[in-house]
Amino acid sequence: MSDAYDVQEVEARWQRRWEDEGTYEVNLDDPRPPSYVLSMYPYPSGPAHQGHIRNYTFGDVLVRYRTMKGEAVLSPFGFDSFGLPAENAAIKGGAHPREYTEARIAELKGSVKRLGAMYDWRREIRSHDPDYMKWNQVIFLALLEAGLAYRAEAPVNWCPGCKTVLANEQVLPDGTCERSGDIVERRNLEQWFFKITNYAEELLDSLEAMDWPERVKTMQRNWIGRSEGAQFKMQVAEQPDLYIEVFTTRPDTGFGMTYAVLAPEHPLVDQVTTDEQRAAVAELRERAKHATDIERLSSEGALDKRGAFTGSHCINPFTGEPVPLYVADYVLGSYGTGAIMAVPAEDQRDYEFATAYGLPIVRTVQPPEGFADDAAYSGEGPHINSGFLNGLGTAEAKARANEFLEDSGIGYPKINYRLRDWLISRQRYWGCPIPVIYCPTDGIVPAPADELPILLPEDVEFLPTGESPLRSHEGFLRVNCPKCGKPAVRETDTMDTFVDSSWYFLRFADPHDETGPVNMAAARRYMPVDQYIGGITHAILHLLYARFYTRALGDVGLSPKELREPFAQMFCQGMIRLRGSAMSKSKGNVVSPDEYFEKVGADALRLFHLFAGPATDDIDWTDQTDEIIEGCSRYLARVWRLANGEVPRLADAADAGGVAALRREVHGAVARVSADIERYGFNTAVAACMELTNTIYKHVHAGTDETAVDEAVRTLLELLAPMAPHLAAEAFDRRYAEHVHTQAWPVADPAYLVADEVTMVVQVNGKLRDRIVVAAAISEAEATELALASEKVSELLGGAAPRRIVAKPPHLVNVVV
RNA sequence: GCCCGGAUGGCGGAAUGGUAGACGCGGCGGCCUCAAAAGCCGCUGUCCGAAAGGGCGUGCGGGUUCGACUCCCGCUCCGGGCACCA
């Protein structure tokens, strides 16, 4: 066969052509309506894995589809190129993180290009490029000036053996250091934070109206964690000048407070602890400091609620009575006020603690009949033992308790969020330096704007000390204070890589703008991203940080202020698993795309990822997978033969129904594929193309009019173009000498969708009994008549009159006996 | 514990309350061939039956409806998220 399809040659040729012709490049003055499709920019870990392939295939289908629909689609690509693996590789004796990273970028870029996914490469962003770093630092300083970046003490994982900070992943589940085996402790360090909590309310409230998967919105809501309650202060009985402030969601249960608790980190612990209790309290605080987050937060195994009496009491403002004040590690320093009123009868944690420490338990809400007596009751009910709240329901009692606190001048209603400020300091080399200087006289001084970007020094040694090489690099560290000129030191921490990924999508609008991080006009044209695509793994952190950053940048004047939400639509693809478990490089269970590029080509692999199942579902890579990919490849060959006129007319073929029937199928397929792509139903879009192909085969075999067949083939290639772009382009080019990707997307004509005759289903009592071919325009009376005339029906009726007839012409008649 | 998803042939999966199982994988049969591969055509939920035909079928138990994979109530199992957040 002289027209054999040479996959490698054809795919390479078209990829070159699309790039040379700039088919998928867009400019600001493009007359077409703009849109923006974006796949999450990847961390470059080497050649693409199947998860990347799936992500970029979905994105590319949307880019090519929207392009055929006449839009100027912004489709950029970049690399999240700072991060730990490059530094770890350097420590293990590999290349410098820059060389290492750039080699991995080249590999990944190779895979992406081999896939035939089209991007405007003029816009490529790499977060380790000096240009990007510069704007990252400019943004940081703007946030600092606006009070959205601040420095505070925060606990970190500290390894006493390595004398360094560890990332959470470096702490083993048993709380020891993965390198030295020492017990990791929590130590407070001055670190940089972004004030994301300023936006907690807005980030939560605007979720409601967003066109995002419900699942993702729920996860964000949980993460932000809004809770409504009251905050009030209580006098310390032994020291009347001292007050303990607490937050509660149940001010209505105040009469049941039989003790109060401070977190071990609470600043007043020392002041309220009496000499007799000092040893016990100190021991508890020491243990809390050594406990890992996991131990501290785990409810498992923490049978006795670890706590200690301070020796002091505070006055319950509701009863006026003193209650003992404890320190306990089940209260967190970082939430609310770091202190609580404990109501054992209505809170299970307090109940368990009270039981263990022999503290009184007083019910203030009447539990329902039959409620077990050995547990807290946190539900609703009439208040008892509650003074002026007695007899009230929960809502009313809350309101009255709040009034009481306000009238007494000790408290007020308060909304608390679980969301904490974003800690961005990383004690690492391979990240963007935080551009500040510490001066003994002037304190924290921003790096001067004309010195940005602060670059990473190249001449560093990577030693397995766990410490960032920046700390010991004199040339980097030592500077003169920009204010007073005296010797000072640079910040050696770098930024969390989530900072880089929180605004790259804004930079893509005009990545070479030299006047600011975000070009206002370009951002106004393209933002928000119409379609963002990525894994569910980023449902919380990345998406939340990006939403925060977009707002913060707007508020400090670095991006359009009216732009609040960066991603109009979010699509989360499913994961790829190998026989059940997640595919990952570290597990060594990766199935490389390369062998498929070689064996069946990019189009077949793309088709597999589209066809394998719903795009949102996880797919399992099994023994059957290769066979399905083979099937996809076979299908494309079948299309190729059809387009090449290699399908013969068969003498004994059955009548396929003629031109009208073929046209109906074609327009039906157009309608289905369009709707399917719009709703990410790629698997059914492929199925619709396969059905159309099968139909056209039948028509060719049966000798249906050539013009109608040609029309059908033309449309089929157009429908396939976004999904199998190379084959569609090559076949279209050979047949019509035109570029399929610049064709207008076909439109279904409803006039062609209606058939003259349809199969009507006849049911008796809802069960299928007969099928009758009827005119599509059949009336209800005619349909009923035909149904009753059916032999099957009269047999079942046995002469009796039907009780009822439900007729839905022309599709169905149901005879009820 | 709380909050979300999901459960359909041997397998991946389709089905605006109206023909369950589209499409594909696998399997079986036929055509082509000296033969094979490729290709093309057909069959393929399950049980009874030689067939015609019929019974049963969308995790389980109820309900609504002329009609339920689809809607409602109550379960089971699986997956995911959150979880000492006061």
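A, B, ... follow the sequence lines: proteins, then strands. Residue 1 opens every chain.
Close to B:rC41, at under 4.0 Å from its OP1 or OP2, lies a side-chain N or O of A:His701. In terms of phosphate contacts, A:Asn694 brings a side-chain nitrogen or oxygen within less than 4.0 Å of OP1 or OP2 of B:rG24. Regarding contacts with the backbone of B:rU16, every side-chain N or O of A:Arg679 stays at 4.0 angstrom or more from both OP1 and OP2. For A:Tyr697, a side-chain nitrogen or oxygen approaches OP1 or OP2 of B:rC40 to under 4.0 Å. Between A:Arg215 and B:rC3 there is no side-chain N or O to OP1 or OP2 distance below 4.0 Å. Between A:Asn683 and B:rA14 there is a side-chain polar atom (N or O) within less than 4.0 angstrom of OP1 or OP2. Checking the phosphate oxygens (OP1, OP2) of B:rA15, no side-chain nitrogen or oxygen of A:Arg672 falls inside 4.0 Å.
The strand RNA chain B forms stems, runs of 3 or more Watson-Crick or G-U wobble pairs with distances below 3.5 Å, at B:1-7 with B:76-82, B:10-12 with B:23-25, B:26-31 with B:39-44, B:45-48 with B:53-56, B:59-63 with B:71-75.
Residue A:Arg649 is classed as having no contact, given no heavy-atom separation below 4.0 Å to the nucleic acid. Using a 4.0 Å heavy-atom distance criterion, A:Gly336 is classed as making no nucleic acid contact.
Atom NE2 in A:His609 sits about 16 Å away from atom C1' in B:rG24, given to the nearest Å. When the C1' atom of B:rG18 is taken as reference, atom CG of A:Leu768 falls 11 Å away, rounded to whole Å. In this structure, the CE atom of A:Met219 is 12 Å from the C1' atom of B:rG5, given to the nearest Å. For the pair A:Leu642 CG and B:rC40 C1', the interatomic distance rounds to 13 Å; values are reported in whole Å. Protein atom OH of A:Tyr417 is 18 Å distant from nucleotide atom C1' of B:rC82, rounded to whole Å. Rounded to whole Å, atom P of B:rG12 lies 13 Å from atom CG of A:Asp623.
The base of B:rC23 is not paired with the side chain of A:Glu691 by any donor and acceptor separated by under 3.5 Å. Scanning atom types as modelled, one donor and one acceptor separated by under 3.5 angstrom connect the side chain of A:Asn814 and the base of B:rC66. Residue-to-nucleotide contacts include a donor-acceptor pair under 3.5 Å from the side chain of A:Gln624 to the base of B:rC25.
A heavy-atom distance below 4.5 Å is found between the side chains of A:Met570 and A:Leu543.
Ring centroid separation for the pair A:Phe193 and A:Trp422 does not come in under the 6.0 Å cut-off. Annotation: A:Phe353 is in aromatic contact with A:Tyr259 [ring centroid separation under 6.0 Å].
Residue pairs meeting the side chain to side chain donor-acceptor pair (under 3.5 Å) criterion with at least one member in residues 758-774 of chain A, sequence neighbours excluded: A:Asp770-A:Ser790. Within the structure, side chain to side chain donor-acceptor pair (under 3.5 Å) pairs that include any residue of residues 807-817 of chain A do not occur (at least two apart or interchain).
Counting heavy-atom neighbours within 6.0 Å of A:Arg215 CZ, excluding the residue itself, gives a total of 12 or less.
Taking the syn range as angles within 90° of 0, the glycosidic angle of B:rG53 is outside it, so the base is anti.
Comparing A:Val761 and A:Val815, the nucleotide of RNA chain B nearest to each residue sits closer to the 5' end for A:Val761. A residue-by-residue look at A:Arg769 and A:Val806 shows that A:Arg769 has its nearest nucleotide of RNA chain B further toward the 5' end.
With A:Tyr697 as the aromatic partner, A:Arg638 meets the cation-pi criteria of under 6.0 angstrom to the ring centre and within 45 degrees of the ring axis.
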Exercise. Applying ring-ring contact (aromatic ring centres under 6.0 Å, His included), run through A:Phe682 and A:Phe58 and close with a yes or a no.
Key: CA-CA 8 Å; A:Phe682 305 119; A:Phe58 294 161; 5.0 Å; yes
